[in-house]
Amino acid sequence: MSVVGVIDFETTGLSPAMGDRATEVAIVLLDGAQVVGRFQSLMNAGVRISPFIEQYTGISNEMIRAAPPAEDVMAEAARFVRGVPLVAHNASFDQRFWSAELDRLGPDASRDHPFACTMLLSRRLYPQAGSYRLQSLASFHALPPAGRAHRAMADAEVAAALLSRIRQDIQREYEVDAAPHALLVRLQRTQRKALPKAIQAYFSSALPASRQPDHENGA
DNA sequence: TGCCAGGCCCTCTTTAGGGCCTT
């Protein structure tokens with residue numbers, strides 16, 4: 001089973017293009033459903049945190065003042081996940097901050113990580129869920145609580161548990177032995193009706209005929 | 001509590017608009 005990193009950023013706002021910066025990053029390394037590593041750090045990017053964000057995340061300006069420089073934290077985070085594909089909930093958000101923060105380290109910073117998104121996958125796999133917020137999906141699946149919501153490690157832990165559940169459901173529903181990262185990236189762009197065919201195509205060279213997913217029955 | 005953005009997805013759609021989701 002290949003290792004993936006489940007990442008979550010806390011930030012000063014929604015858009016690095018508008019000047020927002022990361023304030024905290026957490027990464028949970030998963031090997032299958034097993035947690036094999038954790039990285040978490042506040043970071044000081046030299047920007048003020050609004051009262052709304054202080055209340056939303058619990059991360060205060062005082063906490064940030066005492067944190068290591070953002071560049072140091074991001075360099076360490078990049079080393080931590082070198083060669084490891086990443087997963088996030090609403091990954092387009094975390095991918096933007098990942099790229100923007102690593103861009104500040106210079107052109108040599110490794111930021112070309114393939115991201116998979118647990119929100120897009122959940123929309124495909126769980127049409128009955130209703131809401132696709134991380135906490136809503138955690139409740140929907142009765143995932144174990146992981147601490148204060150909207151802190152990076154707690155959210156990364158919940159997203160990691162959600163990813164494990166997604167992989168488990170793909171494997172059980174489509175009778176495949178694994179749901180590797182490349183398949184997850186493909187499925188998050190695949191319409192729900194086409195999931196069986198996409199999975200079958202992915203595994204067609206590896207699965208014996210008797211284990212091929214039955215795409216005629218749909219999902 | 002939510003504005004800023006951006007990508008995805010649904011529908012009263014596709015020559016568009018608005019809601020969801022992330023902080």
Side-chain angles (χ1 to χ4, degrees), chain A residues 4-28 40-64 67 70 73-74 77 86-104 111-141 143 146-163 165-166 184-195 198 219:
Chain A
V4 301
V6 182
I7 187 169
D8 186 78
F9 278 108
E10 302 307 317
T11 72
T12 62
L14 296 174
S15 173
M18 299 289 289
D20 291 320
R21 297 293 305 274
T23 57
E24 186 179 43
V25 61
I27 302 164
V28 174
Q40 181 271 331
S41 182
L42 292 164
M43 64 180 96
N44 185 352
V47 294
R48 273 200 68 77
I49 300 173
S50 70
F52 169 73
I53 293 293
E54 276 195 350
Q55 183 166 6
Y56 186 82
T57 66
I59 298 172
S60 66
N61 284 290
E62 186 177 12
M63 292 163 67
I64 290 302
V73 173
M74 289 305 300
L86 293 173
V87 178
H89 195 70
N90 195 13
S92 66
F93 174 85
D94 293 280
Q95 191 166 19
R96 279 197 299 277
F97 278 94
W98 177 258
S99 296
E101 293 294 343
L102 288 183
D103 274 347
R104 295 173 176 273
R111 60 187 186 87
D112 294 327
H113 271 80
F115 272 74
C117 178
T118 51
M119 186 186 75
L120 295 181
L121 287 162
S122 294
R123 282 179 176 171
R124 301 289 186 269
L125 294 165
Y126 312 117
Q128 68 278 33
S131 168
Y132 297 94
R133 293 182 179 187
L134 182 59
Q135 294 306 321
S136 299
L137 287 165
S139 299
F140 178 75
H141 290 301
L143 302 177
R148 187 197 194 283
H150 305 303
R151 283 299 298 267
M153 182 53 80
D155 284 0
E157 295 272 12
V158 173
L162 175 59
L163 175 65
R165 176 60 188 255
I166 287 170
L184 299 178
V185 171
R186 178 181 298 193
L187 294 186
Q188 70 186 9
R189 309 283 181 201
T190 303
Q191 291 298 317
R192 176 170 174 76
K193 285 191 298 186
L195 287 180

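The chains referred to below are lettered A, B, ... by the order of the sequence lines, with proteins before strands, and numbering in each begins at 1.
Rounded to whole angstrom, the span from the NE2 atom of His89(A) across to the P atom of dC8(B) amounts to 15 Å. The distance between atom CE of Met119(A) and atom C1' of dT23(B), rounded to the nearest whole Å, is 14 Å. Separating the CZ atom of Arg123(A) from the P atom of dG7(B) is a distance of 14 Å, rounded to the nearest angstrom. dC3(B) atom P lies 13 Å from atom OH of Tyr56(A), rounded to whole Å. Counting to the nearest Å, the C1' atom of dG19(B) and the CZ atom of Arg133(A) are 11 Å from each other. Between the CG atom of Leu42(A) and the P atom of dT23(B) there is a distance of 15 Å, given to the nearest Å. If you take CG of Asp94(A) and P of dG7(B), they are 14 Å apart, rounded to a whole angstrom. Per the geometry, CD belonging to Gln188(A) stands 17 Å off P belonging to dC21(B), to the nearest Å.
Across dC3(B) and dA16(B), the matching C1' atoms stand 23 Å from one another, rounded to whole Å. For the C1' atom pair drawn from dC10(B) and dC4(B), the interatomic distance equals 25 Å after rounding to whole Å. Rounded to the nearest Å, the gap between the P atom of dT13(B) and that of dG7(B) is 25 Å. Comparing the P positions of dT15(B) and dT23(B) gives an interatomic distance of 34 Å, to the nearest angstrom. Comparing the C1' positions of dG17(B) and dT1(B) gives an interatomic distance of 24 Å, to the nearest angstrom. As rounded to the nearest Å, dT14(B) and dC8(B) have C1' atoms that lie 15 Å from one another.
The aromatic rings of Phe140(A) and Tyr126(A) sit tilted, their planes meeting at an angle between 30° and 60°. Using bins of under 30°, 30° to 60° and over 60° for the plane-to-plane angle, the ring pair Trp98(A)/His113(A) lands in the perpendicular bin.
Judged by closest nucleotide on DNA chain B, Gln55(A) is the one of Gln55(A) and Leu120(A) placed further toward the 5' end. The residue among Gln191(A) and Gln135(A) whose nearest nucleotide of DNA chain B is located toward the 5' end is Gln191(A).
Taking every side-chain heavy atom of Glu10(A) into account, dT23(B) is the closest of dT23(B), dC8(B), dC21(B). Out of dT22(B), dG7(B), dT23(B), the shortest distance to the side chain of His150(A) is found at dT23(B).
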Donor-acceptor pairs under 3.5 Å, side chain of residues 42-51 of chain A to any protein atom, not counting sequence neighbours: which ones?
| residue | atom | partner | partner atom | Å |
| --- | --- | --- | --- | --- |
| Asn44(A) | OD1 | Gly46(A) | N | 2.8 |
| Asn44(A) | ND2 | Ile64(A) | O | 3.4 |
| Ser50(A) | OG | Ile53(A) | N | 3.2 |

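Counting only heavy atoms from C-beta outward, the side chains of His141(A) and Leu162(A) approach each other to under 4.5 Å.
Within the nucleic acid shown, Tyr132(A) comes within 4.0 Å of sugar-phosphate atoms alone, with no base atom in reach, counting heavy atoms only. Within the 4.0 angstrom heavy-atom criterion, only backbone atoms of the sugar-phosphate kind lie near Ser131(A); the bases stay farther away. Backbone-only engagement by Asp8(A) is indicated by non-hydrogen atom pairs under 4.0 Å involving sugar-phosphate atoms exclusively. Nucleic acid contact class of Phe97(A) (heavy atoms, under 4.0 Å, all strands): none.
Listed by chain and number, the residues in a side-chain contact (heavy atoms from CB on, under 4.5 Å) with Gln40(A) are Glu24(A), Ala26(A), Arg151(A), Met153(A) (sequence neighbours excluded). Under the side-chain contact (heavy atoms from CB on, under 4.5 Å) criterion, Ala160(A) pairs with Val6(A), Val28(A), Leu30(A), not counting sequence neighbours. By the salt bridge (charged side-chain N to carboxylate O under 4.0 Å, His left out) test, Arg96(A) pairs with no residue at all, sequence neighbours left out.
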Nucleotide N/O of nucleotides 4-6 of chain B paired with protein N/O under 3.5 Å:
| residue | atom | partner | partner atom | Å |
| --- | --- | --- | --- | --- |
| dA5(B) | O4' | Ser15(A) | OG | 3.3 |

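Sorted by first then second residue, the salt bridge (charged side-chain N to carboxylate O under 4.0 Å, His left out) pairs that include residues 4-21 of chain A, not counting sequence neighbours, are Arg21(A)-Glu101(A).
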